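Working notes, beginning with the structure itself.
Counting starts at 1 for both ligands and their atoms, in listed order. Here the structure is a predicted model, which is why all the values come from computation and not from measurement.
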Amino acid sequence: MKQQMVFASTDSHYATNLEAAPGEVYDPQFEDLVRQMLLRLGEDPEREGLKRTPLRVAKALDFLTGGYGRTVEEVLNDALFEEGCVDETCDEMVVVKDIEFYSMCEHHMLPFFGRAAIGYLPHGKIIGLSKIARVVDVFARRLQVQERLTNQVADALMEALNPLGLGVVMEASHLCMMMRGVQKQNSHTVTSAMRGTFRSVPRTRAEFMELMRR
Ligand code: ZN
C-alpha cells in the first residue's frame, strides 16, 4: 500500500524594499540606462511622476533577477534531512504543489508567472518544504524560458536529493503573450521535467500527475 504526502506550499517570497527613499542613491549607471530608455520612449524623465522611476526600476530589476546571485547550495544549507527508506522499496511519494513563482522571459523581459508542482520518491534524503520554493526562486529570478526553468529545477533537486525519481510541472501565464492580441489572455503554458522512475515507470508518473491534480 502506497503512502502519500501532499503539501500545498505557503512560502512567501523574499521581501525587499523597492521604494525610493528621499535622497537615496542606488546605482547611478543603471539608473541612467533607464533614464535613456524613458527618453527613447518619448517620455520626460524629469517630470514629477518619473523622477524616481529609474531608481525604482533598477531596484526592481535587480530584485527580479536576484537568482543570478544565489546558488542552490546556499539556499539549501542545512535543510536536508536524513530520512527513512534507502532501498528500492521506497514508495512514499512527496508532492509539493501550488508553489508560486515569478520569472521574466528572456525574449521580451516581460513577466511570466504561475505555479509549480514538484514530486519525488525520497531515497534517504528529504528537504524542508519552504526550501523547495526557494530552489524554484533561484532559477525563476533570472531571465528564463519556461522549459529551461523547469529542467533546471528538476536537475538541481535531483542533485541535492538523489531521489529514486522526481517530477516538476510548471504552469504559467506569459505577459508577452497575454498583452499582445486578443484570445490569448487565458493561455497557459505547461512544462514538465521527469527524472528517474518518474520517467521510466509510467505508474509512478501517473500517480504523481494524479496527486498533483487533487
Ligand atoms: Zn516573451
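Among residues at least two apart or in separate chains, ring-ring contact (aromatic ring centres under 6.0 Å, His included) pairs with a member in residues 131-180 are F112-H174.
Using modelled atom types, no side-chain atom of Y102 and backbone atom of L64 make a donor-acceptor pair closer than 3.5 Å. No side-chain donor-acceptor contact under 3.5 Å links E31 to the backbone of A58.
Listed by chain and number, the protein N, O or S atoms at a distance under 2.8 Å from the Zn ion (ligand 1) are C105 SG, H108 ND1, C176 SG.
Of the N and O atoms on the side chains of Q146 and T191, at least one donor lies less than 3.5 Å from an acceptor on the other residue.
Using a 4.0 Å cut-off between a side-chain N of Lys or Arg and a carboxylate O of Asp or Glu, R134 and D137 do not qualify as a salt bridge. In summary, E46 and K51 do not engage in a salt bridge, as defined by a charged side-chain N under 4.0 Å from a carboxylate O.
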